[in-house]
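Notes to accompany the following structure.
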Amino acid sequence: MTTERPRPLVAGNWKMNGTRAATKTFAAILEGCDAALRSKVDLLVCPPATLTYVFAVAAVGTPVKVGGQDCHAATHGAHTGDVSATMLADVGASYVIVGHSERRTDHRETDETVKAKARAAIAAGLTPIVCVGETREERDAGRALAVVGAQLAGSMPEEAAREPVVVAYEPVWAIGTGLTPTVADVAEMHGFIRQSLVDRFGAAGRNMRLLYGGSVKPGNARELLGVAEVDGALVGGASLVAEDFLAIARAYME
Ligand code: PEP
């Protein structure tokens, strides 16, 4: 078993933000991903579905990857308003976020749904970023590890033993709130997630990238990304500002 750390990934989740004018922001991210930065970290931007193709075309020949924010579990069919993993791959995406807490809440996605989406992503040649995380009530009740453990068990596809899958730990109460867990809480949770993945997927679990997400900003990136078993970040609000997103990634240059 290798003891090498996975290469870090800093991923931006633009959520339902951005029109064609935001191409300028993406261009600034592409420009800012210089040789020094790309030697340390992988960068990914997940724009709304309407911008995936435009961004993927702009990113050709650069190290910056483009991803989707969600996908349907089916490849095609009568699913009005949905986008399949096959479609995302077709327009140049290489990752897709699945099971974000906003999808789990707003669209009542279950672990089973998330797992089916992750499987569809892998089948389409995409790397799924499987999101897990507890609510404030669950943490306060001392159930954070149990909740995240159950989400992992139910949402991670068996294919993760042989295909690339990324896990993002995002405490629901830290998303978009400016609140973050303590370094000790992040370390405890990431250590727990790592052990669960190793127990289930063996060496693949050791090498899987574990991202932390929830109010990551330039001012706290160094501290959060420096925690053991944190292999990068899933960034919401701060990824909409090129300089902030790049500043977070530059934490790996220090
Ligand atoms: C997210 O939505 O994945 C997220 C982490 O958001 P924010 O960085 O804004 O908390």
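In listed order, ligands and their atoms are each counted from 1.
Ligand-side atoms of ligand 1 in range of Asn13: 1 (C), 2 (O), 3 (O), range being under 4.0 angstrom from any heavy atom. Below 4.0 Å from some heavy atom of Ala174 lie the following atoms of ligand 1, by number and element: 10 (O). Taking every non-hydrogen atom of Gly176 and a distance limit under 4.0 Å, the qualifying atoms of ligand 1 come out as 7 (P), 9 (O), 10 (O). Per-residue contacts place Lys15 under 4.0 angstrom from the following atoms of ligand 1 (heavy atoms of the residue considered): 1 (C), 2 (O), 6 (O). Remark: ligand 1 atoms within the under-4.0 Å shell around heavy atoms of Gly214 are 5 (C), 10 (O).
Residue Lys217 places no N or O, backbone or side chain, under 3.5 Å from any N or O of ligand 1. Considering both main-chain and side-chain atoms, Glu102 never comes within under 3.5 Å of ligand 1 through any nitrogen or oxygen pair.
The protein heavy-atom contact nearest to atom 9 (O) of ligand 1 is Gly237 N, 2.8 Å. Summary of contacts: the protein heavy atom closest to atom 1 (C) of ligand 1 is His100 NE2, 3.2 Å. In this structure, atom 4 (C) of ligand 1 lies nearest to the protein heavy atom Gly236 N, 3.5 Å. Among all protein heavy atoms, the one lying closest to atom 3 (O) of ligand 1 is Glu170 OE2, 2.7 Å.
For Ser239, the closest heavy-atom approach to ligand 1 does not fall below 4.0 Å. Distances from ligand 1 to the non-hydrogen atoms of Ala238 include no value under 4.0 Å.
Separation of the Trp14 and Phe55 ring centroids falls under the 6.0 Å cut-off.
Look at Glu109 and Arg104 and you find no salt bridge, because none of the NZ, NE, NH1 or NH2 atoms lies under 4.0 Å from a carboxylate O. Between Glu229 and Arg5, at least one side-chain N (NZ, or NE/NH1/NH2) sits under 4.0 Å from a carboxylate O, which counts as a salt bridge.
Summarising the local packing, NZ of Lys15 is surrounded by more than 12 heavy atoms from other residues, nucleotides or ligands at distances under 6.0 Å.
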Query raised in the report: Can you list the steps and then say if Lys115 with Glu159 is a salt bridge (Lys or Arg N to Asp or Glu O under 4.0 Å)?
Result: CA-CA 10 Å; Lys115 183 177 183 171; Glu159 289 89 335; over 6 Å; no
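Side-chain contact annotation: Arg209 with Thr127, donor-acceptor N/O pair under 3.5 Å absent. At a cut-off of 3.5 Å, with distance as the only test, a side-chain donor of Asp185 or Thr182 sits close to an acceptor on the other residue. Judged purely by distance below 3.5 Å, without hydrogens or angles, the side chains of Glu134 and Tyr169 pair a donor atom with an acceptor atom.
His190 and Tyr212 have tilted rings, their planes meeting at an angle from 30° to 60° on a 0 to 90° scale.
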